[in-house]
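Beneath this line is the structure, given in structure tokens, with notes to follow.
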Amino acid sequence: MSAFTVPGLPDAGRCLVMGVVNVTPDSFSDGGRWFDPEIAIAHGLALVEQGADIVDVGGESTRPGAARVSLDEELRRVEPVIRALSAEGVAVSVDTMRAEVAEVAVAAGARLVNDVSGGLADPVMPRVVAASGVAYVVMHWRGHSRDMESRAIYGDVVTEVSEELRKRVDSVLAEGVREEQLILDPGLGFSKQADHNWALLAGLDRLQELGRPLIIGASRKRFLGRLLAGPDGEPRPFAENDDATLAVTALAARDGAWCVRVHDVRPNADAVRVAAAWRTADERG
Ligand SMILES: Nc1nc2ncc(COP(=O)(O)O)nc2c(=O)[nH]1
């Protein structure tokens, strides 16, 4: 069972499911499908129907090498979608590195700021989060997409990611963010090679020593495609990695993840319920 209740977010007594709505033309696994606001809103509602506890709305692709989007364009993309979904009672998170976008998103009803940079990209972000009081995802990050791959060098990746996350936690707490607002994320695929991602998943128990809920974002990512590469060595295409994503969800939920961030919600919503039943039986002994 999840030991954490995060202000403003559901507490289902099991691993939560965060459904992804990328309002972008170029996200790595679904770029362009939800770029139209009306389509994005309908997709967000459909994800809730499929079992999403939270809907994560993002307006800027974070795939390796992606160019930055202007502030105005990011706001134009996400604000109407966040406002409409929140008005329908959906627990919405905004996937942004920008304090100004976070501020507008919270005013439009967002209950969580999902900051892949953990407050490093915009130094104003922690103060905006502190003032708003909403939940805040601090993800492990070592730089923007254009050069993140050059920073994927670790000795013991679990130790180093834990230490760098701890530094980010201390920094945002010093800016007034409260401990209970914080959710941590190892940042799979962000300045990580495939073996680093697997080590972080296998090291969930060590990451939990940070004492905050953990969110895992493995959905459709390149390291899954590489694992499933065919005889020619070609990685399996992103959109064909949902089954591997489901396996990660089941294992991560059973190992105590607070939430999984996924594109294909329905099967993952089933998997977290299977994991909860399994953990309950295990705890009963
Ligand atoms: N908290 C969190 N947020 C994220 N946002 C975007 C992506 C990139 O994936 P996408 O392009 O499929 O959204 N991955 C994460 C992640 O792993 N964790």
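Indexing begins at 1, ligand by ligand and atom by atom, following the structure's order.
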Q: Measure from the side-chain N and O atoms of E73 to the backbone N and O of S70, and report whether any donor-acceptor pair falls under 3.5 Å.
A: no
Q: Go through ligand 1 atom by atom and flag the ones less than 4.0 Å from a non-hydrogen atom of M139.
A: 2 (C), 16 (C), 18 (N)
Q: May I ask you to check whether T159 and R206 show a side-chain donor-acceptor distance below 3.5 Å?
A: yes
Q: Measure the OG1-CD distance between T24 and E74 for me, rounded to the nearest 0.5 Å.
A: 10.5 Å
Q. Going by the angle between their ring planes, with limits at 30° and 60°, are H140 and Y154 parallel, tilted or perpendicular?
A. tilted
Q) Can you check whether N22 has an N/O within less than 3.5 Å of an N/O in ligand 1? A) yes
**Q.** H263 touching ligand 1 at heavy-atom level, < 4.0 angstrom
**A.** yes
Q) Just which atoms of ligand 1 are under 4.0 Å from any heavy atom in D185? A) 1 (N), 2 (C), 16 (C), 18 (N)
Q.
With a 3.5 Å distance limit and no angle check, can you tell me whether K192 reaches the backbone of F190 through a side-chain donor-acceptor pair?
A. yes
Q: Among D242, D264, N241, T245, find the residue that satisfies the side-chain hydrogen bond (donor to acceptor under 3.5 Å, both in side chains) test when tested with R220.
A: D242
Q: Under 4.0 Å from a heavy atom of N114: give me the atoms of ligand 1 that qualify, with their elements.
A: 1 (N), 2 (C), 3 (N)
Q | Step-by-step side chain to side chain donor-acceptor pair (under 3.5 Å) determination, N114 to S93 | A | CA-CA 6 Å; N114 176 23; S93 63; 5.2 Å; no
(Q) When you compare ligand 1 with K221, is there at least one nitrogen or oxygen pair between them that comes in under 3.5 angstrom? (A) yes
Q.
If the cut-off is 4.0 Å to any non-hydrogen atom of V137, which atoms of ligand 1 fall inside it?
A. 1 (N)
Q: Considering the heavy atoms of G217, write down every atom of ligand 1 situated less than 4.0 Å from one of them.
A: 17 (O)
(Q) Give the atom numbers and elements of ligand 1 that come within less than 4.0 Å of a heavy atom of V116. (A) 3 (N), 4 (C), 5 (N)
Q) Going by the order shown, which atoms of ligand 1 are within less than 4.0 Å of some heavy atom of T62? A) 6 (C), 7 (C), 8 (C)
